[in-house]
There are 2 protein chains.
Amino acid sequence: MQKSPATLKAIAEQLRVSVSTVSRALNDHPRISEKTKSRVKELAEKLHYVPNPAALLLKKNKTYTIGVLLPFLKEEFFSLAISAIEDTLMPEDYHVLISQSRDSLEREKKMIESFIASRVDGLIASVSAETNHYGHFKALEEYGIPVVFFDRVPRNIKCHKVRNSVTQGAKEAMRFLVNKGVTKIGLINGPGNLEVSGERLNGYLEAAMEFGIDARQHYIKSGNLTREETEQCMMELLALEDRPQAVLTFNDYVALYAMSACRKAGVEPNKDILFVSFANLPITSFLENPPIASVEQFASKMGAQAANLLLKCLQNQESELDYQEIIIKTELIIH
Amino acid sequence: MQKSPATLKAIAEQLRVSVSTVSRALNDHPRISEKTKSRVKELAEKLHYVPNPAALLLKKNKTYTIGVLLPFLKEEFFSLAISAIEDTLMPEDYHVLISQSRDSLEREKKMIESFIASRVDGLIASVSAETNHYGHFKALEEYGIPVVFFDRVPRNIKCHKVRNSVTQGAKEAMRFLVNKGVTKIGLINGPGNLEVSGERLNGYLEAAMEFGIDARQHYIKSGNLTREETEQCMMELLALEDRPQAVLTFNDYVALYAMSACRKAGVEPNKDILFVSFANLPITSFLENPPIASVEQFASKMGAQAANLLLKCLQNQESELDYQEIIIKTELIIH
DNA sequence: CTGTTAGCGCTTTCAG
DNA sequence: CTGAAAGCGCTAACAG
């Protein structure tokens, strides 16, 4: 009980050698005899020796811990990304510290303080719906902690980014609808401070122009991604005289909220009004009546790429200066 | 750039006092003058001083980090529980390390090794669907790391547990169906090594006995919770000559898998065959046709209770011996 | 090939 | 009221 973990000292004493010999043996130092090495390793194994991370941090200034900061774990997009991040980082012997901002800027700041306190080696982040400035992230970089953003990346800021070709995805979604003969298309977008909202809007507008359909201002709504605001947006669209025949939504959750608002209003989703969304989450496969198409964002791939980019930053610090931007192609999936 | 975090030494030098004075001032040691304290605290604040956790661990043998090990982040039940755990632990200045076993025993063991390596102060766990022995958890206790299990708790093992009154919940669900005039009820259960499966079965059998309905062996299926096995179970039930009129499922996900299997087979869920499940996850609110009732398990409450119990263990080590068992009442929610 | 020593940042006796 | 010094576990420069 309360048997504390084995230390180098304990091994050294039992073997009647010095602590440094043990340390070197375990690190496969070239100038240690094979015989000593095997004796040491054997005993270490037997004692279940695991190096004390605190001592390592103290010496090397490295915790082998990566922070991941994202809005909501419960959103499948993010939990898929997390799994990919884990799978990429764990083989490299990194631990992963996960935190949720829950789309609150204040929480996001708190979590970053906590990451600094625990001395993470790097951070992978997707910003909250409220985030409109990035000073708290800059603080990390001042401490030499590299940050890689994914999906919800900051707007107009030089930083490492892994993001989707959202504009193009939005255009494809629009083309799909136009080809179906739909000309009145609404947009329920995310908050304007997110670059990904801007890109959806751009895709929407470019497509409208290109296909010569009417992108009337009142067809464009933006909410904070909550159920409440989304239902509100949908109600406003439904109340219009020239009600849209289809709606493009920020993501699958927003689509689900909007569709449930329709049902409450006696409007049949995908019959009276078509839905196309972003993300294409597995969750939608449970629905009898999912959005008719979805712009796949490849959450796992994004997570893996973000983790790989961070690993690269961690390996050669010089690369801190030229920020990388990785763009994952989206793909329109028709259900 | 690469500005390393402030240390006690840096503060001491600037203030021309000793390191120990700074340490004591920050810890509100009674024998330090108010004046010194305020000078120190002011500078510490200005320099954004945050104690180096490594040094603390080395001295106090405490990382202020709690591990959380559970099957899948993407299951809403667990992500709800996590949020509650975070909310309970973070005000107490604990960090939360999350890992997923993905229902694999091997991964579960690996993750526990990793928790030991990072010297977590305690662990909150919900075991994998494959877990049939608990040696890897016992290893933690040998290091003096307390473990609290929640929801999926070990069977026949003395340990701290936070679980639901599952047997009773299953009985209520059965009563609900019987009152609807249903007498042929199937059960798609989880793997037998989980205590929670045993309890569901007990509830099912007790209810069958009590209400005088036929609990025929071939109405009882158990799978490993994956989509594949669940669909298999459902197919078997559908293939029976005296096909059940209703099915009780291990949880909402299993219900969704089973319902989609029904649709594939041309059977209309909740019309041709009724579904009642466990968990009552928010996700089901998106469905046009969710299970007609669900045994609410109060994920958040379970998470919070587990975290509180762990905090208690961490505070007084003596309590290691008498294991606590906390039971959260379930509640049948009719949709 | 191996031992000695210093030091990472912090707390905590022991001495003033 | 404050300082000096030891030590937590480990690595690495310096000496043999």
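Atom set for the values below is all heavy atoms of this structure, side chains included, hydrogens, waters and symmetry mates excluded. First the proteins, then the strands, lettered A, B, ... as listed; each starts at 1.
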### Task
In whole angstrom, give the distance that lies between atom CZ of R24(A) and atom C1' of dT4(C).
10 Å
### Task
Give S33(B) one of three labels, base, sugar-phosphate or nothing, depending on what nucleic acid heavy atoms sit under 4.0 Å from its own.
sugar-phosphate
### Task
Report the distance from atom CG of N61(A) to atom P of dC10(C), rounded to the nearest whole Å.
11 Å
### Query
Between Y64(B) (OH) and dT11(C) (C1'), how many Å, whole number?
13 Å
### Task
Please name all residues satisfying salt bridge (charged side-chain N to carboxylate O under 4.0 Å, His left out) with K41(A), sequence neighbours left out, ordered by chain then number.
D28(A)
### Query
Rounded to whole angstrom units, what separation is found between the NZ atom of K60(B) and the C1' atom of dC10(C)?
9 Å
### Query
Which residues pass the salt bridge (charged side-chain N to carboxylate O under 4.0 Å, His left out) test with K138(A), sequence neighbours left out?
E141(A)
### Task
Please work out which of the three classes, parallel, tilted or perpendicular, describes the rings of H136(A) and Y134(A), given edges at 30° and 60°.
parallel
### Message
Could you tell me how far apart L58(A) (CG) and dG7(C) (P) are, to the nearest whole angstrom?
### Response
14 Å
#### Entry: Set of side chain to side chain contact (heavy atoms under 4.5 Å, CB included) partners for D87(A), sequence neighbours left out
R102(B), R107(B)
### Message
Report for the helix from dC1(C)-dG16(D) to dG16(C)-dC1(D): angle between first-end and last-end helix axes, five pairs each, rounded to 10 degrees.
### Response
50°
### Query
Nearest to the side chain of K59(A) - dT12(C), dC8(C), dG3(C)?
dC8(C)
### Which residues share a side-chain hydrogen bond (donor to acceptor under 3.5 Å, both in side chains) with S118(B), sequence neighbours left out
none
### Task
Would you indicate whether the side-chain heavy atoms of S83(A) and S300(A) approach each other to under 4.5 Å?
no
### Task
Any pair with a residue in residues 146-157 of chain A that passes side-chain hydrogen bond (donor to acceptor under 3.5 Å, both in side chains), sequence neighbours left out, goes on the list, sorted by first then second residue, please.
D103(A)-R152(A)
### Query
Residues in side chain to side chain contact (heavy atoms under 4.5 Å, CB included) with I32(A), at least two apart?
T21(A), R24(A), A25(A), H29(A), T36(A), K37(A)
## Note on the structure
Across all chains, not counting sequence neighbours, the side chain to side chain contact (heavy atoms under 4.5 Å, CB included) partners of A306(B) are I124(B), V148(B), F150(B), V162(B)
### Query
With sequence neighbours left out, what residues match K62(B) under salt bridge (charged side-chain N to carboxylate O under 4.0 Å, His left out)?
D121(B)
### Task
For E106(B), check side chain to side chain contact (heavy atoms under 4.5 Å, CB included) against everything at least two apart and list the hits.
S104(B), K110(B)
### Query
Tell me: CG of N27(B) to P of dT12(C), nearest whole Å?
7 Å
### Query
Roughly how many Å is it from CZ in R31(B) to C1' in dC14(C), rounded to a whole number?
11 Å
### Residue-level proximity of residues 9-21 of chain A to DNA chain D when a heavy atom falls under 4.0 Å
V19(A), S20(A)
#### Entry: First and last nucleotide of DNA chain D, 5' to 3', lying under 4.0 Å from heavy atoms of chain B
dC1(D) to dG9(D)
